[in-house]
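Have a look at the structure below before the remarks.
Atom set for the values below is all heavy atoms of this structure, side chains included, hydrogens, waters and symmetry mates excluded. One-based numbering, in listed order, for ligands and for the atoms of each.
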Amino acid sequence: MKHFLKDTDCTAPEIARLFDLAARYKRTRGTHEKPLAGQSWAMIFSKSSTRTRVSFEVGIHELGGNPIFLNRNDIQIGRGESVEDTAKVLSRFVHGLIVRTYEQQEIERLAASGSIPVINALTDFLHPCQIYTDAFTMTERWAKGGDLFASLQGRKIAFLGDTACNMAYSWILGAALFGMKLSLSGPKEFAPGADIDAQLKQDGLPKNYHFTTDPAEAVKDADVVYTDVWVSMGKEEETKERIRVMSPYQVTAKLFALAKPDALFMHCLPAHPGEEVEQAVLDNPRSIIFDQAENRLHVQKAILATLAQSPRA
Ligand code: CP
Ligand code: NVA
């Protein structure tokens with residue numbers, strides 16, 4: 001793996017190795033090796049962040065490296081310096097780049113122009129660090145000491161609400177890679193678009209998901225009920241309309257009860273209780289939202305270490 005720009009940048013065996021490494025880093029936090037010793041990694045963020053920013057900054061530090069946080073508006077890219085020149089300049093200073101931005105194309109261009117690994121820390125299209133972490137978090141519940149990656153095989157996820165957002169799209173790629181079943185349910189105007197089907201095709205993966213406008217149908221027999229905010233960053237102008245059309249897809253306690261009796265509730269956070277999910281579901285003992293948040297640290301450390309050790313052309 002040279003970059004981590006989309007979920008499909010790793011093969012299944014590579015993901016299995018990442019999960020094993022993340023589990024080891026979690027077990028041995030504070031005492032494990034420091035593969036980023038002597039390195040600096042820059043983080044260019046064009047959008048707000050709590051979990052991603054802090055988990056990457058702490059993770060780089062724990063691996064022996066130095067994180068440099070760059071708000072887009074504080075550096076020259078925010079005043080029009082080209083993405084290509086930015087990548088070339090930063091490649092002379094730092095050992096890797098972590099980017100949160102709007103267009104997926106921007107991180108693809110940064111990766112193509114520089115000579116250092118680039119990690120996608122969320123775009124409008126995908127959020128692969130979150131999906132890998134979520135899958136890892138599921139394995140903690142299901143693997144019971146066995147093969148982490150294999151424990152995902154055949155499990156069903158129901159994703160409700162905005163099924164055309166970065167989280168839904170990353171789950172479409174992720175589920176295909178992890179061998180999971182995926183049912184998405186939301187208003188038809190927010191059904192997954194041709195862009196994600198094209199990405200599946202480009203990655204040689206079959207169209208593996210089912211879309212329905214009936215949330216009860218999606219949730220039936222699910223091992224995980226997953227939701228995300230209805231108004232993603234950058235979509236604030238559409239707030240009123242989104243809330244209006246997505247309200248039938250709120251994860252209520254009643255809807256959650258239609259999933260398997262031991263089903264987990266998951267949310268990438270931040271949550272908006274009373275919109276996409278009821279507070280009672282966030283508080284349910286089978287809600288593992290804070291394990292997901294914590295695991296961002298361990299899984300991203302595994303991604304960082306793997307990229308830092310990958311030979312570069
Ligand atoms: N889930 C997630 O990416 O959170 P932040 O926006 O706080 O980084
Ligand atoms: N879909 C959300 C995810 C936040 C982590 C957004 O893009 O704002």
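Each of the following atoms of ligand 2 lies closer than 4.0 Å to a heavy atom of M233: 6 (C), 7 (O), 8 (O). Near H127, with a cut-off below 4.0 Å to any heavy atom, the atoms of ligand 1 are 2 (C), 3 (O). The ligand atoms of ligand 2 that sit less than 4.0 angstrom from a heavy atom of S232 are 1 (N), 2 (C), 6 (C), 7 (O), 8 (O). Distances below 4.0 Å separate heavy atoms of L269 from the following atoms of ligand 2: 5 (C).
Any N or O atom pair closer than 3.5 Å counts here, and H127 shares no such pair with ligand 2. In terms of N/O distances under 3.5 Å, ligand 1 is approached by C268. Among the atoms of Q130, some N or O lies under 3.5 angstrom from an N or O of ligand 1.
Contact between L269 and ligand 1 is present, with at least one heavy atom of the residue lying under 4.0 Å from the ligand.
Here the protein heavy atom with the shortest distance to atom 2 (C) of ligand 1 is R296 NH1, 3.4 Å. Here the heavy atom of the protein found nearest to atom 4 (O) of ligand 1 is R51 NE, 2.8 Å. At the top of the distance list for atom 4 (C) of ligand 2, counting protein heavy atoms only, stands L122 CD1, 3.9 Å. Counting protein heavy atoms only, atom 7 (O) of ligand 1 is closest to T50 N, 2.7 Å. In this structure, atom 7 (O) of ligand 2 lies nearest to the protein heavy atom N166 ND2, 2.9 Å.
Looking at R100 against ligand 1, only its side chain comes within 4.0 Å, counting heavy atoms. Contacts between K47 and ligand 1, counted as non-hydrogen atom pairs separated by less than 4.0 Å, are absent for every part of the residue.
Salt-bridge formation is detected for the pair D9/K6: a Lys NZ or Arg NE/NH1/NH2 atom is positioned less than 4.0 Å from an Asp or Glu carboxylate oxygen. A salt bridge links E241 with R244: at least one charged nitrogen is closer than 4.0 Å to a carboxylate oxygen.
With no hydrogens or angles considered, a side-chain donor-acceptor pair links Q104 and N120 at under 3.5 Å. Counted by atom type alone, T227 and E276 present zero donor-acceptor pairs between their side chains at under 3.5 Å.
Proximity of a side-chain donor or acceptor of E275 to a complementary backbone N or O of P273 within less than 3.5 Å is not detected. A donor-acceptor pair is defined here as one N or O able to donate and one able to accept, closer than 3.5 Å; no such pair exists between the side chain of S170 and the backbone of M167.
Scanning D124, T123, D228 for the heavy atom closest to atom 1 (N) of ligand 2 points to D228.
In this structure, L70 is not a member of the same hydrophobic cluster as V54, with clusters built from ILVMFWY side-chain heavy atoms closer than 4.5 Å. Follow the hydrophobic side-chain contacts under 4.5 Å out from F4 and you never reach I44; the two are in separate clusters. No continuous path of hydrophobic side-chain contacts links L182 to L255 [ILVMFWY only; heavy atoms under 4.5 Å].
Each of T123, T101, T86 was checked for a side chain to side chain donor-acceptor pair (under 3.5 Å) with E106, and the lone residue meeting it is T101.
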